[in-house]
Every structure is written in structure tokens, then in C-alpha cells.
Amino acid sequence: MTSKKLWQRYQDWLYFNDSLGLYLDISRIPFDDGLLEQLQPKFGKAFADMAALEAGAIANPDEDRMVGHYWLRDPDLAPSHLKKEIETTLIHIEDFVRRVHHGIIHPPYEPQFTDIISIGIGGSALGPQFVSDAIAPDIPPLNIHFIDNTDPAGIDRILTRLKDRLKTTLVIVISKSGGTSETRNGLLEVKHAYREAGLYFPDYAVALTMEGSKMDEQEQCDRWLAKFPIFDWVGGRTSELSPVGLLSAALIGIDIHTMLKGAKIMDEATRVPDVKNNPAALLALSWYAVGDGKGEKDMVIIPYKDSLLLFSRYLQQLVMESLGKEFDLDGNTVHQGITVYGNKGSTDQHAYVQQLREGVGNFFATFIEVLEDRAGPSIEIEPDATSGDFLFGCLQGTREALYENGRASLTITLERVDALNIGALIALYERAVGLYASLININAYNQPGVEAGKKAATQFLLLQQTIVKLLRQTPEPLSLEALAEKVHTPDEVETVYKIVRHMAINHRGMILQGDLHKPSDILVSYRTEDS
Ligand SMILES: O=P(O)(O)OC[C@H]1O[C@](O)(CO)[C@@H](O)[C@@H]1O
């Protein structure tokens, strides 16, 4: 395409939202105008599906649930019985945060909370992590730390770093279902640390969960410092603008009203049933065009701003858990999805951009450009050039270099990274995912594949318990094959081997004799406390 034509294409397709100062440029996504024509009926259906979802339809048929994240930023749209719940919860959050900030709610014997440990995983962690990294004040009223795994060393690292500050640390435990094992483990580990430090855990703990969830009942969360609801009709990966994200954001000094306002403005912009004037529809169109509606190209997210580093991780769940589906809504096998990864520019130029330019062409880039370099003035690094100009040049250069080599990209431009724009970005991608899911006829709001992994992990732990029980009653050492036979899993020798090896390394009573290079020679026994 000649540069004149490209400039024309740029102008023809450029989207600008003046309330947000946000641009979307899809001119470097190759497709001809016929595609939009061809997709018009699908887009018509997608807009209608979205309108029905916002009106309270059961948009997640597998779980028989409404999908209401858009109501969080405009409660007037919610069914009347939910409007009050949304508004009251927000008032409770603000009141709690105000009292923590003023020391009215404080830890026993200490004037103020200084830190937060946030325990949760997936949608109960990624949004809060992204938002706090993007827009928390440089010196926040409380410092936040995340436990988002069941990795004992990871948990120790956070607890050790907090050291004496544990006595002024608020613990927020977030689990919609209240039954996620990683979160339960994090909670039990942290509870143990509080007990060891002589601190009464309920005085420090805040629960975010569905009313009556397993965690709510087992832990009797009503006795904790506070408890906030997670709504049944908000999915984990779209919960950042629900209490899941708002509580910690407000505690660390983020203006949650402005974040909600940004999302509301974007919601309004992405309700427009006209693809060219709807930024979420333009994203969905671009994803469809590059990947032929089958996710053939990976989405590489490259924000040229350090504070947006975690955006790609946040989007991984939003996009991949929503779109990565085996079956479509009619039950056909489709194996849909779009792979998402990324980091930040210009850092990535010195890492994987080499492959993007010259290697496998299995991706499209999403550049995120931020116009304001920093809050204050900049020094000149070279005549008439600042560090920010270099960053800007790196983005333009990479976009150009990719285009020259036939690699597609789109660019989102923000004036600055602030609460308004972060709310808007979250809303933009939530809507784009929803519209794209309609285009390809899948349920974006369930996650059946995750359940399979959870079940397998449970089976694994049950097998471990059976092995330990059996070995406790078996004085003579057993070969792995014999052990597998005795626990009625003769086809699972490899799994049995991995369980006993892991337990042996962790000094859990398992004894392995023989040549560790040759698993078939190993003999296994178990040392009980008194043996
Ligand atoms: O908030 P919960 O119920 O602990 O779930 C955490 C995450 O686990 C999943 O259910 C599956 O990974 C996600 O969808 C969810 O965000």
C-alpha cells in the first residue's frame, strides 16, 4: 500500500473518544472493506446478544447465570433488586476504607494498618494486581502484597519480608466460590503465621466471598473484621470493578469512583451498534480479521509504559479463559481461543521482538501508547530529545518495522495512565471479548476446562493419602510397581513415583532406596514418627 493510501486508511479507521482522550488505530490490521460487509449480520447478532445480556438474560447458560459486570458501573441498568445491593456495597466499602485510613479501624494495640496481604487467585487476584501496579500512588496509604498461589516458598517470602509488620497487616481473602484450594491454602498458611506471632487472626481479616460460601461457613467470616459480598452474577475475570477489585484499590489510595466512571464512559461508547464507531467492535473485528475467526494469530500486548506491565497477564485470563473453548453454543467441536502474551516496550525490543519481526508470523501486536511521558518536566538527553521521546520513537519504530515485514498490529493510545483510563481499558476489553464471543458463537462466561484440572489435582492428593496409609501399614519396602498395584492404580506407576519422590525431598517420612537414576530399581518405605 502506498504511504498516501495508508495515511488515508489510518484516518478512515481511526477511532477517538474525546471524553477519555483515547484513540484506537486498526489501520495496520490487513482486511478489505468486504469483510465488514460480510460480518454485518454476525455483528448485528453480537450487539443484540450484548443488549440482552445487559438486560439480565441468562448469558451464561451452562451455569444458568446472568452476567452483570456492566451494571457495576451503572447500577441504574441493573434489575431493581440488584441496584440497591451494588450501591449499598460501594457505600460500605468506602466507609470501611475511610475508617481504616483514619485509624478508626486499626489493629489491636497499634494505631494504623500499614500493609495488606491480598489472598486470591485468577480473577480474584489478576485485576487487583494489574490495577495496583498501574495506578497506585507512589507512596500509598497501605502497601499491598499478593499471595496468588499455593507455593510455600512464595508465601514464606511475603511473610518474611513483612516480618514485624505482620501486626499491622490487614489480610483480605478473596474467593467467589470460597472453595478454591490455592486460596484456602494461602489463608491457612497466613492464619498459622498470625497464630505463631501471637496475633488473633479474625481481628486482621477481611473476607470477600459469596454469602454462605464454603469459606464463609468454615471460617465463620462474620466474626472477621469485615465481610463484603461477591455477587453471583459477576464472573471472576470480569470482577475488577466489583468489590473484588474496588476494596483493595480504595485502600491503597486509588480513586475508585473515577475508575468506575472511565468504565461507564467506555461502556456507553461500546454499546453503539455501529462497528466503525465502537472501539470494542473494532477490536473484535481486528481479532476476527487476523485470525480468520479461529484464533490463528496470537495477541501480543506491548504497552510502552512500565506501569502497564501486568496488563497482558490480566488479559490472559480475560481473553483465554473466556474464548478458549472446545465447543460452540450449538455443541460443535471448535477449539476456539486467542493466545495472549506480552510484557512492555521498549524492553521487549531487546528480547522477543526479533522473532516478531523476522520469525514465525503467528501473531498480531497490540501496542499501547501513552502520550504523557511523566507528570513533571523532562531533561533533554540529546538536543531536543527526552527519554520519553526515545520511548515514543521505539514504539513508532517497532510498529513500522513490523508493518514493513507484513506483521499486523493495532494501537491503543491513551493520554495518560490514570484511574479513568484504566477503568476504560478494562471495560473496552471486557466488551470486545463479549462481542467476539458472539461472532464465533461461544459461551464467554463459563470455564469448564478449569474444572478438569481441579478434579485431577484432587485425585492426585487422594492417591497420595492412600499411598501414605498403605505404607504406614507395610513394614517391608515395596517397588514402585508393587506399590502402584497395592493402591489399585497399576497403570499409574509414574504418578506414584512422582508422589513418593516429592514427599521424600520434603522430609515427609518417605524413604527411597536404590539408584535414583533408575526408578524401576527404587524401593519405597515410610518412616512413621515412632519407627
Ligand atoms: O474466586 P474463586 O472462586 O476462588 O475463583 C478463582 C478463579 O478460579 C477460576 O474459577 C478458575 O480458574 C477462575 O475463573 C476464577 O477467577
Side-chain angles (χ1 to χ4, degrees), residues 53 56-73 75 78-93 96 117-128 146-148 150 170-188 190-191 201-202 205-251 256 317-318 321-322 430 443-448 450-451 454-455 458:
L53 176 150
I58 300 293
N60 181 359
D62 294 12
E63 295 171 10
D64 196 26
R65 276 179 169 154
M66 294 190 289
V67 174
H69 48 274
Y70 301 109
W71 305 331
L72 298 165
R73 41 270 189 161
S80 50
H81 63 292
L82 301 180
K83 175 178 182 309
K84 195 147 187 284
E85 196 180 6
I86 300 169
E87 290 171 339
T88 315
T89 307
L90 191 58
I91 291 169
H92 286 163
I93 287 177
F96 178 79
I117 296 177
S118 180
I119 306 174
I121 195 166
S124 295
L126 289 161
F146 292 95
I147 293 181
D148 64 350
T150 178
L170 191 69
V171 182
I172 304 179
V173 190
I174 313 174
S175 178
K176 178 178 173 182
S177 61
T180 304
S181 56
E182 292 92 333
T183 304
R184 187 265 328 260
N185 298 359
L187 162 62
L188 295 181
V190 170
K191 247 173 100 171
F201 185 71
V206 177
L208 274 162
T209 190
M210 283 205 298
E211 189 63 38
S213 75
K214 197 167 161 190
M215 171 175 117
D216 193 12
E217 284 184 354
Q218 279 180 355
E219 295 293 325
Q220 300 182 303
C221 295
D222 283 323
R223 298 192 188 171
W224 289 9
L225 193 55
K227 185 174 102 175
F228 298 97
I230 298 188
F231 311 123
D232 167 66
W233 39 269
V234 175
R237 53 191 176 272
T238 52
S239 65
E240 173 50 29
L241 298 174
S242 79
V244 166
L246 296 180
L247 176 65
S248 60
L251 281 167
I256 56 173
Q317 187 199 19
L318 179 61
E321 201 166 75
S322 301
E430 284 175 350
N443 179 356
Y445 307 105
N446 64 355
Q447 53 283 326
V450 177
E451 296 310 313
K454 283 185 191 168
K455 273 188 201 136
T458 308

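What you see is a predicted model, and the numbers here were worked out from it, not measured in a lab. All residue numbers refer to positions in the sequence shown, counting from 1.
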| query | Under 3.5 Å, is there a donor-acceptor pair between the side chain of T180 and the main chain of E182? | reply | no
| Of all heavy-atom pairs between P75 and I86, which one has the smallest distance, and what is that distance? | CG-CG2, 4.0 Å
| Worked verdict on L53 versus Y445 for side-chain contact (heavy atoms from CB on, under 4.5 Å) | CA-CA 11 Å; L53 176 150; Y445 307 105; 3.4 Å; yes
| Side chain to side chain, P229 and E211, heavy atoms closer than 4.5 Å | no
| query | To the nearest 0.5 Å, what is the distance between CG (L251) and OG (S118)? | reply | 10.0 Å
| Flag if over 12 foreign heavy atoms under 6.0 Å of NZ, K227 | yes
| request: Report yes if the side chains of I58 and R65 come closer than 4.5 Å at any heavy-atom pair, otherwise no. | output: no
| task | Kindly compute the distance separating CD1 (I174) from OG1 (T209), expressed to the nearest 0.5 Å. | result | 10.5 Å
| Parallel, tilted or perpendicular: rings of W71 and W233 (30°, 60°) | tilted
| query | So, do M66 and F231 sit near enough that their side-chain heavy atoms are less than 4.5 Å apart? | reply | no
| Is the closest side-chain donor-acceptor distance between E63 and N60 under 3.5 Å? | yes
| field | Between NZ on residue K176 and OG on residue S124, distance to nearest 0.5 Å | value | 9.0 Å
| query | With a 4.5 Å heavy-atom cut-off, do V171 and V173 have their side chains touching? | reply | yes
| side-chain contact (heavy atoms from CB on, under 4.5 Å) between T238 and V67, worked out | CA-CA 9 Å; T238 52; V67 174; 5.6 Å; no
| note | CG (N185) and CD1 (I121) are apart, to the nearest 0.5 Å, by 9.5 Å
| note | In terms of heavy-atom contacts, G120 and A125 come closest through O-CB, 3.4 Å
| task | Report the C-alpha distance between K191 and E219 in whole Å, list the side-chain angles of each, state the deciding distance to 0.1 Å, and finish with yes or no for side-chain contact (heavy atoms from CB on, under 4.5 Å). | result | CA-CA 11 Å; K191 247 173 100 171; E219 295 293 325; 2.7 Å; yes
| field | Parallel, tilted or perpendicular, as decided by the 30° and 60° cut-offs, for the rings of F228 and F96 | value | perpendicular
| note | When rounded to the nearest 0.5 Å, the distance separating CG of N446 from OG of S322 is 9.0 Å
Using residues 241-250 as the side-chain source, report each donor-acceptor pair under 3.5 Å to any protein atom, sequence neighbours left out, with the distance given to one decimal.
| from | atom 1 | to | atom 2 | distance (Å) |
| --- | --- | --- | --- | --- |
| S242 | OG | S239 | O | 2.7 |
| S242 | OG | V244 | N | 3.2 |

| field | Distance-only donor-acceptor check, side chains R237 and Q447, under 3.5 Å | value | yes
| F201 vs L187, side-chain contact (heavy atoms from CB on, under 4.5 Å): CA-CA, chis, key distance, verdict | CA-CA 10 Å; F201 185 71; L187 162 62; 3.6 Å; yes
| Does a side-chain N-to-carboxylate-O contact under 4.0 Å join K454 and E451? | yes
| request: Supply the atom-to-atom distance K84 NZ to E87 CD, rounded to the nearest 0.5 angstrom. | output: 9.0 Å
| request: Of all the heavy-atom pairs spanning S213 and G178, show the shortest one and how long it is. | output: OG-CA, 3.7 Å
| request: Using a strict 4.0 Å threshold on nitrogen-to-oxygen distance, state whether R73 and E430 make a salt bridge. | output: yes
| field | Qualifying residue for side chain to side chain contact (heavy atoms under 4.5 Å, CB included) with I172, from I119, L208, I117 | value | L208
| Any side-chain heavy-atom pair from R184 and K214 closer than 4.5 angstrom? | no
| said: Is the shortest side-chain heavy-atom distance between M215 and C221 below 4.5 Å? | reply: yes
| said: Does any part of the side chain of D148, heavy atoms only, come nearer than 4.5 Å to the side chain of T183, both counted from C-beta? | reply: no
